[in-house]
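Remarks on the structure that follows.
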2 protein chains.
Amino acid sequence: MSDSVVLDPVDLEILRLLQNDARITYRDLAAQVGVAASTCLDRVNRLRRAGVILGHVLRLDPGKLGRGLQALLSVQVRPHRRELVGPFVERIRSLPEALTVFHLTGPDDYLVHVAVRDMADLQRLVLDAFTAHREVARVETRLIFQQWDCGPLLPPDARAASGTLTANHGGAAP
Amino acid sequence: MSDSVVLDPVDLEILRLLQNDARITYRDLAAQVGVAASTCLDRVNRLRRAGVILGHVLRLDPGKLGRGLQALLSVQVRPHRRELVGPFVERIRSLPEALTVFHLTGPDDYLVHVAVRDMADLQRLVLDAFTAHREVARVETRLIFQQWDCGPLLPPDARAASGTLTANHGGAAP
DNA sequence: CGTGAAACTTTCTGGTG
DNA sequence: CACCAGAAAGTTTCACG
């Protein structure tokens, strides 16, 4: 699983455009890439079958959903054994507040990205979902001032080769 | 900006379904929500105009794009002043390896999520894009074993109310 | 908010270099 | 084999009730 795939310049351009707007029509996509719509469709389907494209997701504004405060929680799970960490990860993943869970090298085993309503909600979450549990040895909370989602995750060659790199989403500079 | 918005159960169900698959047709969406396709379209357009839906993006497999190794870099920028941190963030954001940049509370000012080809590539990135620069006082690198993208970021009420919460994307438990 | 029809997109077929 | 043009099927979108 996850072998690298050969992507020609047309594939890269298609991926680049689809990352700017995944709802662009094949007609417009084809026009911008310089091939026929049916060819675009073939390419995209091939990229999907190859597992390069995993899916299409919505980007939502957490603030508008009543989750204006985000934080990163560093968590030590001790003892760090399969029978404890498996259930721990599943439990955290199923929290409505959890956005992403990372299993990391280093002294802090997990980093959990959460979005909550406010400080009181964050305190409740830390106390109830983390420190109340026996396997959680330590939690360190860092608040997120601001966050930037970066570029289109394409091979450097592609970006260098394809001249115009259009607007990344993400906030303005501080 | 970013005031909370009133979302009725239909809006929440639409968002929930669109998060599972942002390419579902309005016809199918309407059938599952139990309203007419045109009503779904109205709702989605309203959510877009309200800023709840920020956009549609592609989820790509970093491994298939030759970025099989991911890491989190904790960075101290000193002195932590606007004229230094602004350019720093812009420079990091424009790295093809950067996925997300967080500005945080706590001793480490920034956390940068990166995806690279391999260990040599990561070493090169840390040395060239971070420690080589005067404003970067300290970098701490943690590798990512595994990562899970969690639930649909909807108000807890919505998940509780709407019974079936379908498959989240993300890997299996360790 | 729903119906139905017009406009558009996606998708397939068959043919070409 | 990848590509394209055009036609068929399906989807989005709009005016109106």
Side-chain angles (χ1 to χ4, degrees), chain A residues 3-61 64-65 152 154-155 157-158 161-163 166, chain B residues 5-61 64-66 152 154-155 157-158 161-163 166 169:
Chain A
D3 296 275
S4 220
V5 174
V6 271
L7 300 171
D8 70 13
V10 173
D11 292 322
L12 291 171
E13 186 69 5
I14 287 173
L15 289 175
R16 201 176 63 73
L17 289 163
L18 280 176
Q19 288 220 1
N20 283 332
D21 173 14
R23 262 176 68 96
I24 189 176
T25 66
Y26 287 111
R27 192 174 139 278
D28 293 351
L29 189 59
Q32 291 190 58
V33 173
V35 295
S38 53
T39 304
C40 265
L41 178 70
D42 286 350
R43 295 291 192 125
V44 171
N45 282 337
R46 192 146 38 77
L47 290 168
R48 246 194 282 273
R49 261 181 275 110
V52 176
I53 296 174
L54 294 172
H56 294 74
V57 292
L58 229 47
R59 226 159 46 85
L60 299 180
D61 183 333
K64 304 270 180 179
L65 293 166
L154 290 178
D157 322 335
S162 65
T166 45
Chain B
V5 173
V6 272
L7 299 171
D8 70 12
V10 173
D11 291 322
L12 291 170
E13 186 70 6
I14 286 173
L15 289 175
R16 201 176 64 73
L17 289 163
L18 280 176
Q19 287 219 2
N20 284 331
D21 174 13
R23 262 177 67 96
I24 188 175
T25 65
Y26 287 110
R27 191 173 140 278
D28 292 351
L29 188 60
Q32 291 189 55
V33 175
V35 295
S38 57
T39 304
C40 265
L41 177 70
D42 287 350
R43 295 291 192 124
V44 170
N45 281 337
R46 191 152 44 75
L47 290 169
R48 245 193 284 272
R49 263 181 275 112
V52 176
I53 296 173
L54 295 172
H56 294 74
V57 291
L58 227 48
R59 228 159 45 83
L60 299 179
D61 183 335
K64 304 269 180 182
L65 294 165
L154 290 178
D157 322 335
S162 66
T166 44
H169 42 261

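Here the structure is a predicted model, which is why all the values come from computation and not from measurement. For the numbers below, each heavy atom of this structure counts, side chains included, while hydrogens, waters and symmetry mates do not. Below, chain A is the first sequence line, B the second, and so on; all start at residue 1.
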Which listed nucleotide (D/dT13, C/dT11, D/dT11) is nearest to the side chain of B/Thr25?
D/dT11
Judged by nearest nucleotide, the residue sitting upstream toward the 5' end of DNA chain C, B/Val35 or A/Asp28, is B/Val35
Assign B/Ser38 to base, sugar-phosphate, or nothing according to its heavy-atom contacts below 4.0 angstrom with the strands shown.
base
Could you tell me whether the side chain of B/Asn45 and the main chain of B/Asp42 form a donor-acceptor pair under 3.5 Å?
no
How many Å lie between CD1 on B/Ile24 and P on C/dT9, as a whole number?
21 Å
Rounded at 0.5 Å granularity, tell me how far CG in B/Leu60 sits from CD in A/Gln19.
4.5 Å
Just the rounded figure in Å: distance from P of C/dT10 to NE2 of A/His56.
11 Å
Could you please name the option among D/dC4, C/dT11, D/dT12 that lies closest to any side-chain atom of A/Leu41?
C/dT11
Distance from A/Glu13 atom CD to A/Leu29 atom CG, nearest 0.5 Å?
9.0 Å
Could you tell me the separation between the CG atom of A/Asp11 and the C1' atom of D/dA2, rounded to a whole number of Å?
12 Å
If you check every side-chain atom of A/Arg27, which of C/dT3, C/dC1, C/dT9 has the closest atom?
C/dT9
Whole Å only: how far is the CZ atom of A/Arg23 from the C1' atom of D/dT12?
9 Å
Could you tell me the separation between the CG atom of B/Leu18 and the NE2 atom of A/His56, rounded to the nearest 0.5 Å?
12.5 Å
What I'd like to find out is whether the side chain of B/Leu7 reaches to under 4.5 Å of the side chain of B/Leu47, using heavy atoms alone.
yes
Spacing of B/Gln32 atom CD and B/Ile14 atom CD1 [to the nearest 0.5 Å]
11.5 Å
Sorted by number, residues from residues 42-55 of chain B placing a heavy atom under 4.0 Å from DNA chain C are B/Arg43
Close side-chain approach of A/Arg43 to A/Arg48, heavy-atom, < 4.5 Å
no
When the distance from CG of B/Asp8 to P of C/dC1 is rounded to whole Å, what number comes out?
7 Å
Would you please confirm or rule out a distance under 4.0 Å between OP1 or OP2 of D/dA2 and any side-chain N or O of A/Thr39?
no
